[in-house]
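Structure, as structure tokens:
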2 protein chains.
Amino acid sequence: MRAPTQHSITYMAGARPHGGCLTCKMHFRCLPRGLNERDTVRVEGLLQTRRQLKCGEYLYQAGDRCDTIYAVKTGCLKTHVCDEHGYEQVTGFQMAGDLLGMDGIGLRAHDFNLVALEDSEVCALPTARLDELPPELETIRRYLHEVMSGYIVRDHNAMIMLSKMRAEERLAAFLLDLSRRFAALGYSSSEFNLRMSREDIGSYLGIKIETVSRMFSQFQERKLIDVKNRHVCILDSVRLQRIIGRSLPSKQRRVG
Amino acid sequence: MRAPTQHSITYMAGARPHGGCLTCKMHFRCLPRGLNERDTVRVEGLLQTRRQLKCGEYLYQAGDRCDTIYAVKTGCLKTHVCDEHGYEQVTGFQMAGDLLGMDGIGLRAHDFNLVALEDSEVCALPTARLDELPPELETIRRYLHEVMSGYIVRDHNAMIMLSKMRAEERLAAFLLDLSRRFAALGYSSSEFNLRMSREDIGSYLGIKIETVSRMFSQFQERKLIDVKNRHVCILDSVRLQRIIGRSLPSKQRRVG
DNA sequence: CGGACCCTTGAAGAGTTTCAAGAGTGGTGG
DNA sequence: CCACCACTCTTGAAACTCTTCAAGGGTCCG
């Protein structure tokens with residue numbers, strides 16, 4: 001199920017990438033909305049290069065110096081972290097248009113590992129160059145703030161999932177999230193290939209691989225999805241959606 | 001167990017706070033390390049005012065406009081979020097020196113709710129004023145980046161806890177974290193009052209209130225802690241520490 | 001003193017993990 | 001091209017952990 005690299009262009013380190021942000025189908029996700037053409041070209045000038053990653057290759061690992069922000073151009077990656085006790089967990093999956101590497105801006109060293117789940121291509125922006133931004137490109141810096149706080153929001157949703165949902169709900173939420181993300185990239189929302197293993201899914205959802213497998217089978221039996229290996233068809237997104245929230249107590253206790 | 005407000009000064013909105021950051025015992029946590037006296041005063045000039053919060057009072061709620069960053073001066077608060085399905089969860093507890101309100105910088109609206117667990121006092125910095133910062137105070141803006149990425153790291157640790165630890169480990173990790181934080185503030189690391197209810201703890205740890213209670217009792221029986229209502233003594237932090245990591249499989253599967 | 005609220009405890013039950021075995025898949029080399 | 005191997009995934013049964021339900025005790029405050 002390892003998708004072949006879509007582009008096989010390679011660049012020398014430091015070389016200006018071919019056809020820049022303006023021609024990239026993902027620029028509407030990497031760059032702030034409403035950035036004019038002239039400024040887009042200027043941002044592009046800050047970009048160091050693209051980088052090709054083979055499936056399984058690390059873009060960076062926890063502890064590496066953090067001096068670059070990345071944008072996924074093609075492919076799919078996962079982030080995973082390890083705590084001081086040796087517990088390890090997948091914290092997210094990144095696809096085209098997602099920005100990466102902001103976890104260590106403060107620390108100057110990365111907090112987590114970033115590895116390609118299939119052959120991928122990323123654009124690199126050295127953080128040092130952010131300081132070169134002229135005042136009129138303040139938008140860019142502000143945009144990075146936005147993306148970072150978006151991370152926080154996304155992590156909070158993940159925390160709720162990990163804390164409150166049952167296995168069934170977790171997998172349903174996961175599939176629907178993927179579906180939405182594929183749709184946002186212009187792909188089919190009802191049929192797609194999983195780039196990650198059951199083990200990765202389990203780690204991300206906080207359940208064991210056997211449970212992931214059982215839930216897939218159960219969904220298939222209930223005709224909610226059709227799944228064969230890593231190929232998934234969403235057959236009934238409405239009922240899938242309805243699964244989420246089922247374990248809520250009827251008399252909901254508010255924590256506030 | 002509701003601690004009385006330590007200072008009962010009140011300020012009119014917009015008034016310059018009494019004795020500013022320089023005299024505040026927490027400035028070493030709110031402000032970047034190594035900020036000189038002159039610059040500290042300049043930052044102080046950006047501060048709008050302090051704000052008093054009664055126990056149970058909200059500083060802001062999800063959806064509120066996000067235009068201010070806060071620093072906790074005294075007291076304790078909790079953040080809690082609600083997802084689209086109605087699930088709700090406490091995502092963290094904030095004490096003196098912690099910075100708050102950065103969750104919504106990108107969104108211009110807050111993602112979560114912030115409520116005082118005891119009478120508290122916070123300093124407010126309108127985000128609009130951040131743009132007034134002269135270039136030589138770039139440190140400040142960078143510091144906010146750091147704090148934000150610190151949030152991400154902290155959330156990831158919380159995710160590992162929610163995903164991989166058993167109830168016993170969660171409570172142990174929680175108590176040790178509190179202990180460390182109190183120590184960092186100059187208070188006793190072995191004896192402190194919990195500001196939050198069992199319900200809050202359970203929500204934060206992703207376990208039910210009954211389980212929290214059982215674990216407290218169990219720890220007490222094993223002479224790891226001494227607990228009476230919300231007063232906690234850590235009797236054996238070494239063994240408490242050793243609880244964490246117990247449920248790791250001996251042959252550790254690496255996700256990478 | 002009474003009531004509200006928070007906390008504790010027990011017993012039964014649900015959900016997930018663990019352990020174990022086996023099937024399917026993809027890659028390699030004869 | 002097939003056999004073989006490593007790896008991933010699936011499935012079942014038993015064990016375990018946590019939750020649910022229920023009841024009662026404690027504490028604080030009017």
Side-chain angles (χ1 to χ4, degrees), chain A residues 1-4 54-56 87 90 117-118 161-172 193-203 205-221 225-232 243 246-256, chain B residues 1-4 55-56 87 117-118 161-172 193-203 205-221 225-232 243 246-256:
Chain A
M1 209 46 55
R2 292 170 182 175
K54 289 259 161 250
C55 174
Y87 284 107
V90 172
L117 292 173
E118 60 182 344
M161 182 216 37
L162 289 171
S163 159
K164 301 285 193 297
M165 292 186 183
R166 295 177 319 163
E168 189 190 44
E169 299 179 85
R170 296 182 192 202
L171 189 61
N193 283 318
L194 300 173
R195 267 69 173 184
M196 64 296 285
S197 68
R198 301 287 194 269
E199 174 113 33
D200 285 334
I201 297 174
S203 175
L205 297 180
I207 54 185
K208 288 283 170 275
I209 180 174
E210 294 94 330
T211 307
V212 174
S213 192
R214 274 184 250 274
M215 289 303 144
F216 266 121
S217 304
Q218 198 201 95
F219 283 179
Q220 171 134 293
E221 215 156 283
I225 63 170
D226 199 57
V227 57
K228 171 87 174 135
N229 301 324
R230 294 192 181 180
H231 186 83
V232 175
I243 287 177
R246 269 195 2 193
S247 65
L248 271 174
S250 47
K251 178 195 67 169
Q252 190 182 335
R253 297 182 216 153
R254 304 226 54 145
V255 190
Chain B
M1 208 49 53
R2 292 171 183 176
C55 173
Y87 286 107
L117 291 173
E118 59 183 343
M161 185 224 22
L162 289 172
S163 160
K164 300 286 193 297
M165 291 185 184
R166 294 179 318 166
E168 188 190 45
E169 299 180 86
R170 296 182 192 201
L171 189 61
N193 284 318
L194 300 172
R195 266 70 173 185
M196 64 295 285
S197 68
R198 300 288 192 269
E199 174 115 31
D200 285 335
I201 297 174
S203 174
L205 297 180
I207 52 184
K208 288 283 170 276
I209 181 174
E210 293 94 331
T211 307
V212 174
S213 192
R214 274 184 249 275
M215 289 301 142
F216 266 121
S217 303
Q218 199 200 95
F219 283 179
Q220 170 134 295
E221 217 156 281
I225 64 170
D226 199 56
V227 56
K228 171 85 175 138
N229 300 325
R230 296 192 181 181
H231 186 81
V232 175
I243 287 177
R246 259 207 209 168
S247 62
L248 271 174
S250 47
K251 177 196 67 167
Q252 190 182 335
R253 296 183 217 155
R254 304 225 57 144
V255 190

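Letters A, B, ... mirror the listed sequences (proteins, then strands); counts begin at 1.
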Problem - Nucleotide D:dC9, atom P - distance to CE of A:Met196 in whole Å - result: 11 Å
Practice task
Provide, to the nearest angstrom, the distance between the CD atom belonging to A:Glu199 and the C1' atom belonging to D:dA6.
Solution key: 15 Å
Problem - Listed nucleotide nearest any side-chain atom of B:Arg230, set D:dT20, C:dC7, C:dT17 - result: C:dC7
Practice task
Mind checking A:Thr211 for me? I need base, sugar-phosphate or nothing, with any heavy atom below 4.0 Å counting as a touch.
Solution key: base
Practice task
Begin with the C-alpha distance, continue with both residues' side-chain angles, and end with the deciding distance and a verdict on salt bridge (Lys or Arg N to Asp or Glu O under 4.0 Å) for A:Lys208 and A:Glu210.
Solution key: CA-CA 5 Å; A:Lys208 288 283 170 275; A:Glu210 294 94 330; over 6 Å; no
Practice task
Would you indicate, yes or no, if D:dC16 has its OP1 or OP2 atom less than 4.0 angstrom from a side-chain nitrogen or oxygen of B:Arg166?
Solution key: no
Practice task
For A:Asn229 and D:dT8, give me the distance from atom CG to atom P, rounded to whole Å.
Solution key: 13 Å
Practice task
Give, for atom CD of A:Glu118 and atom NZ of A:Lys54, the distance between the pair rounded to the nearest 0.5 Å.
Solution key: 12.0 Å
Problem - Atom-to-atom span, CZ of B:Arg246 to P of D:dT17 - whole angstrom - result: 11 Å
Problem - Between P of C:dA14 and CD1 of B:Ile207, the distance in whole Å - result: 22 Å
Handout entry: Of the listed nucleotides C:dT16, C:dA20, D:dA22, the one nearest the side chain of B:Glu210
Key = D:dA22
Handout entry: Whole-Å gap separating C1' (D:dT11) and CZ (A:Phe216)
Key = 16 Å
Completion exercise
On a heavy-atom basis, the closest approach of B:Asn193 and B:His231 is OD1-ND1, 2.9 Å
Practice task
Would you kindly check whether a donor in the side chain of A:Arg198 faces an acceptor in the base of C:dT25, or vice versa, at under 3.5 angstrom?
Solution key: no
Practice task
Return yes if the base of D:dG12 and the side-chain atoms of A:Arg214 contain a donor-acceptor N/O pair under 3.5 Å, otherwise no.
Solution key: yes
Handout entry: Rounded distance in Å - CZ (A:Phe219) to P (D:dT10)
Key = 13 Å
Exercise for the section: Find the distance B:Ile243:CD1 to D:dT17:P and express it as a whole number of Å. Expected result: 14 Å
Fill in the blank from the handout: Taken to the nearest 0.5 Å, the spacing of B:Gln220 CD from B:Asp226 CG works out to 5.0 Å
Practice task
With heavy atoms under 4.0 Å as the rule, sort B:Ser217 into base, sugar-phosphate or nothing.
Solution key: sugar-phosphate
Practice task
Would you mind classifying the nucleic acid contact of B:Ser197 as base, sugar-phosphate or nothing, using non-hydrogen atoms under 4.0 angstrom?
Solution key: sugar-phosphate
Fill in the blank from the handout: Between A:Val212 and A:Leu171 the two heavy atoms that sit nearest each other are O-CD2, 4.2 Å
Practice task
Name the closest nucleotide to the B:Lys228 side chain, picking from C:dC19, D:dA22, D:dG26.
Solution key: D:dG26
